[in-house]
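To start, the structure under review is shown below, and the notes come after it.
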Amino acid sequence: MKTIISLLDSAFRAAIDAATGLHADPLITPATNERFGDYQSNAAMSLAKQIPAAQGGKINPRELAQRIVEKLDLGPMASEVSIAGPGFINVRLSPAWLAAQLASVASDPRLGVERAASPVRVVIDYSGPNVAKQMHVGHLRSTVIGDALSRIIEFFGHEVIRQNHLGDWGTQFGMLIAHLREIGLGADAHIADLETFYREAKERFDSDPAFQDKARHTVVRLQSGEPEELAAWQRIVEETRLHYQPLYERLGVLLRREHERGESFYNPLLGPAVEDLRAKGIAVESEGAVVVFVEGYDTPLIVQKSGGGYLYATTDLAAIRFRVSELGARRIIYTHDVRQSQHFAMVFAVARRAGWADGVELDFAPFGAMLGEDGRPFKTRSGDTVKLKDLLDEAEERAFVIVSEKNPELPEPQRRAIARAAGIGAVKYADLAKDRVGDYVFSWDRMLALDGNTAPYMQYACARIKSIVRKAGGDTGNPTAISLDTPHEQVLARQILRLGEVLAVVERELKPHHLCGWLYDLATRFSAFYENCPVLISDGPLRAGRLALCALTARALELGLDLLGIEHPDQM
Ligand code: ARG
């Protein structure tokens, strides 16, 4: 179905046109105060200033609102249209119309959310861990937000290509391989050892000129594809993969081996990219390096160092070129730390000037830092960065304690399974539920709380409705019997039907927190409905209609959680 907001938009546009001759955005939003209606148009105030003199010149906005309402034809959709304050036009949706909409989306697994009219290919660049290092909380944010966005964009019918831009190339491998050549990398060495070796190699590199030479020599051999160095590098990459792949699976994110396209992949494309920039007069030589001056920035973007080496930015430039010309992307989305804003802004500007991204939308969707409850960067007690694995272990452990307190009678394996869903869900949801732009404060107590805008609350709401349906003997009611007699039923119905418009905002702004807000409102509205409207003890069509409302709410909650990549166990 068309979203309610778009139906209102068309009707108001026509009315504004008929009343004023102006083609204007009616500025439809959900009502700020539900006492006055469900949606409102905020256009009359600004439009009043634009009325030409021929039509009587400046007109009072309330009067203009009145004229618009006279021309407004909402058919059976609205039960009441009223004007408030300086000229807000409020619309209350008709319960009969809402009930009919619900009955029609009930048979649709998408709950009426329309697919994009013209699907495009979208590349989403997220996660991007660095080889020979453990994933840390910064990668958590990128991974969780990027994964939710990729699911939502895919749901609209776009073709999403996930790209995991691994930090798997660079001069650091010279020192690491040179160091390992001397100390040997045992067959059972894993990521923590690699991290230690990496630190050791760095210390030697910084203090020992002879070792520096060896390291540089090793990079050159690696870059020219010498079998020994290549094999060592592959082993290091594989060891790192063995570390992060299980974390992805545990987090329930969709990144797999086939989505990996690390920095190393672009190695052969770097020279040609720089050449193209030079040929187009975009890149110039400066102090021996090759750089691009970008308007608005004091320092240029370096694309090739004076020694000939390439940089992080060169790789990202080559990646854009590849993603557009080879992968056919029409939109490329990056979810990474806000501290990379300047990097991406400059890279996008250069790619555009080079004509590598004509007609392609380039979106950087940054996120802020993860802070501890003391408001300082999230660290372990000893001041180290928090390893993702430890964080997930703790989440499950804490959730297990809570689940065991609540359901001591359940067998342990089941409590563990619930704790896994609740603990991992809590970590992901806490991240997704906050506007990604700001920093966010990581608080175990808040994210694991069974009330508030949290995963456990949402999972609990889902499980509770399923238990109602179980108590009804599996009867999911009859959607055509939904009658929406009370305001509680009406707001619940409207909330279910808003999913499409909320997802459209998420897709446009690349902010999953709007979906979390919708889920939370849905769950609280369901609670109010269930407390005030008897379901199981009602009879006949009333019971059938209310049970259908319960079942639809459960499906809406599940769909919302699925789109965020959050599990919803049958029992909590
Ligand atoms: N490896 C980078 C880091 O850990 C993230 C990669 C981001 N993606 C990109 N195309 N630059 O910060």
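Just so you know, these numbers come straight off a predicted model, no measurement behind them. Every number for a ligand or one of its atoms is a count from 1 in the order of the listing.
- Under the 6.0 Å cut-off for aromatic ring centres, Tyr126 and His259 do not qualify, their centroids lying 6.0 Å or more apart.
- Taking the six-membered ring wherever Trp is involved, the centroid distance between the rings of Tyr310 and Tyr266 does not fall below 6.0 Å.
- Listed by atom number, the atoms of ligand 1 under 4.0 Å from His336 heavy atoms are 7 (C), 8 (N).
- Near Asp125, the atoms of ligand 1 lying under 4.0 angstrom from a non-hydrogen atom of the residue are 8 (N), 9 (C), 10 (N).
- Between Arg323 and Asp125 there is a salt bridge, since at least one side-chain N of the basic residue sits less than 4.0 Å from a carboxylate O of the acidic one.
- Considering backbone and side-chain N/O of Arg323, none are found under 3.5 Å from N/O of ligand 1.
- We find the CG-CH2 distance between Leu270 and Trp169 to be 10.0 Å, quoted to the nearest 0.5 Å.
- Between Tyr334 and ligand 1, not a single N/O pair is under 3.5 Å apart.
- By heavy-atom distance, the residue among Tyr312, Tyr126, Tyr266 lying nearest atom 11 (N) of ligand 1 is Tyr312.
- When His343, Gln340, Glu263 are checked for heavy-atom proximity to atom 12 (O) of ligand 1, Gln340 turns out nearest.
- Other residues, nucleotides and ligands place more than 12 heavy atoms under 6.0 Å from the NZ atom of Lys280.
- Between Asn130 and ligand 1, at least one pair of N/O atoms sits closer than 3.5 Å.
- Of all atoms in ligand 1, listed by their number and element, those nearer than 4.0 Å to a heavy atom of Phe344 are 9 (C), 11 (N).
- Other residues, nucleotides and ligands contribute at most 12 non-hydrogen atoms within 6.0 Å of the CZ atom of Arg339.
- Aromatic rings from Phe348 and Phe364 are positioned such that their centres are separated by 6.0 Å or more.
- Of all the heavy atoms of Asp337, none lies under 4.0 Å from any atom of ligand 1, so neither backbone nor side chain is involved.
- Less than 4.0 angstrom separates some heavy atom of Gly128 from each of these atoms of ligand 1: 1 (N), 2 (C), 3 (C), 4 (O), 5 (C).
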